[in-house]
There are 2 protein chains.
Amino acid sequence: MPHIQSRPVHACSQDEGQLSPGGQAILDVAAGLFSEKGYDATSMSAVARSAGVSKANVFHHFRSKRELYLEVIREACRDSSAALRQGRVQGGTVAEQLSSFLSHHLETLLRREQVSRLVVREVMESSPEGGKELAEQVFFEGFTELVEIVREGQASGEFRRDLDPALLAHLIISTNVFFFQSRNVLRHFPFVDFADDPQRFVRMAADLLFHGCLRNPPDEMPGDATGNPALPVISQEKVHD
Amino acid sequence: MPHIQSRPVHACSQDEGQLSPGGQAILDVAAGLFSEKGYDATSMSAVARSAGVSKANVFHHFRSKRELYLEVIREACRDSSAALRQGRVQGGTVAEQLSSFLSHHLETLLRREQVSRLVVREVMESSPEGGKELAEQVFFEGFTELVEIVREGQASGEFRRDLDPALLAHLIISTNVFFFQSRNVLRHFPFVDFADDPQRFVRMAADLLFHGCLRNPPDEMPGDATGNPALPVISQEKVHD
DNA sequence: TAAAGAACTGACCGGTCGGTCAGGCGTATT
DNA sequence: AATACGCCTGACCGACCGGTCAGTTCTTTA
């Protein structure tokens, strides 16, 4: 379990100078195996076999198992970081921007399931020092951007000014990542019907994050039963599929 | 990585008939090692060494590595399930109950860090079938209870009736678990100051879940600058330490 | 076409893995 | 006193691990 240490992921979001097609093929199957079975349970022999090459050849392209693993992580970070940034929408209210981010982020998580699992695992298992590197070199940009969006919302008066923008940003990521993580369990609760409908989930979650769960008006508004109170939820057709 | 299968965790929250002191000692050190280094990276030799017994002795008490691991998981589930239930408060508003739950739940997660990590890992890596068993046999009770609390809040008119109670319950768990998971990364963002103050985090998160992040009144309220709008936040002294 | 170097291979290494086995020791029943 | 059984041990097993190496084939360049 070689979690990030001294000089590892620093190549994140840098081009890394193109490796040979054979090397790339190895990297691809390695990504699949690592994310499916974890680091320890993935043997170099298995990587070689899956790639259709000899084990010695794998070691020709990558100095060690750890280096292969780190390269996989780097690529995963580069990809998901890029995917995250491109989900940005310019126009609309800040709430719409955040909602679009939520949607796009979750869609990316699910579409690139294996790689996502890999990154999430890396976050969870990171030591305090490894966490520092992950924070600085992998997630800083995206998270900062998210915090900035929230700040804009506060500056424009759209959002409450008395809450910590980083907290909201964290809860947004949290919402998606934990949904992604717990889906296989969530799906089996009888009263949960959103586990297999990410778009519905993201819409409802955004609604909750925006409006809260308490009855809206401080003064009561009694005869409203269950009809949806026509909340200005998000446009909801910007969601990809 | 032996995730739950055919007949595994069914002993959760059942007494399991007491094993010999030697066996319990082995189980304890195994719990530590498994949660610290993961399944694959923990060898039976290491377990034996840490427990101060021979490897053959470990296999005398537990038929296989997998069985030892499952026993560790069972115990962890039994413990954390119990810890969760006892966090329940009777009196007060539903919001206060949920707030207390959040606080107690996070405190338990952090206090029993290793075991928590183990369970979370199990959730994340669970296959669709393994997830079913986890859902039914480990988390059903606690999650159902949480959903019930939310439903009470809706029935009494304290909460909006147009939101899915399971969704709110899920977001509550999500908030805590992801905080727990990402702390080592979170701590290193310069604009995050709640990573090492779980109580503050839980208070702010509860506030956000209750009231949302949008400016409260639907009608504008222009000249209000930055002063906190005196929101009826949670009592905030019910939080343990 | 010769040379150089990258891509690739099978055979092999020391070490560790999960698991087994034959047997010693202590104690309680008969 | 014999027996039986739970607890425990060191020695050992085949399989597989990450990694190396000498050598062959392919590709590029001069």
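Being a predicted model, the structure only gives us computed values, none of them experimental. Residue numbering restarts at 1 for every chain, and letters A, B, ... go by the order of the sequence lines.
Residue A:Val58 is the one, among A:Lys55 and A:Val58, whose nearest nucleotide of DNA chain C lies closer to the 5' end (criterion: closest heavy atom).
One atom, CZ of B:Phe59, and another, C1' of C:dG19, lie 5 Å apart when rounded to the nearest Å. In this structure, CE of A:Met44 is placed 19 Å from P of C:dC17, rounded to the nearest angstrom.
Closest of all the heavy-atom pairs between B:Ala166 and A:Phe191 is CB-O, 3.6 Å. Of all the heavy atoms in B:Gly130 and B:Ser126, the pair that sits closest is C-CB, 4.2 Å. Taking every heavy atom of both residues into account, A:Phe140 and B:Pro190 meet most closely at CE1-CD, 3.8 Å.
The nucleotide range of DNA chain D contacted by chain B, defined by atoms under 4.0 angstrom from heavy atoms of the protein and reported 5' to 3', is D:dC7 to D:dG10.
If you run side-chain contact (heavy atoms from CB on, under 4.5 Å) between A:Phe62 and each of A:Leu70, A:Val72, A:Leu27, only A:Leu27 comes through. A side-chain contact (heavy atoms from CB on, under 4.5 Å) with B:Phe139 holds for exactly one of B:Thr144, B:Leu146, B:Val119; it is B:Val119.
Phosphate proximity of C:dC17 to B:Ser45: present, with a side-chain N or O under 4.0 Å from OP1 or OP2.
Figure legend: A:Lys65 and A:Phe59 shown without cation-pi pairing, the cationic atom not lying both under 6.0 angstrom from the six-membered ring centre and within 45 degrees of its axis.
Using modelled atom types and a 3.5 Å distance limit, the side chains of B:Gln24 and B:Glu75 yield a donor-acceptor pair.
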All N/O contacts under 3.5 Å from nucleotides 4-8 of chain C to the protein, with atom names and distances to one decimal?
unit_1	atom_1	unit_2	atom_2	d
C:dA7	OP2	A:His60	NE2	3.2
C:dC8	OP2	A:His61	NE2	3.0
C:dC8	O5'	A:Asn57	ND2	3.0

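Residues B:Phe143 and B:His170 keep their aromatic ring centres 6.0 Å or farther apart. Note: B:Phe178 and A:Phe178 fail the aromatic proximity criterion, with ring centroids not under 6.0 Å apart.
At least one donor-acceptor pair under 3.5 Å links the side chain of A:Ser64 to the backbone N or O of A:Glu67.
The C1' atoms of five pairs define one axis at each end of the helix from C:dT1-D:dA30 to C:dT30-D:dA1, and these two axes lie 10° apart (to 10°).
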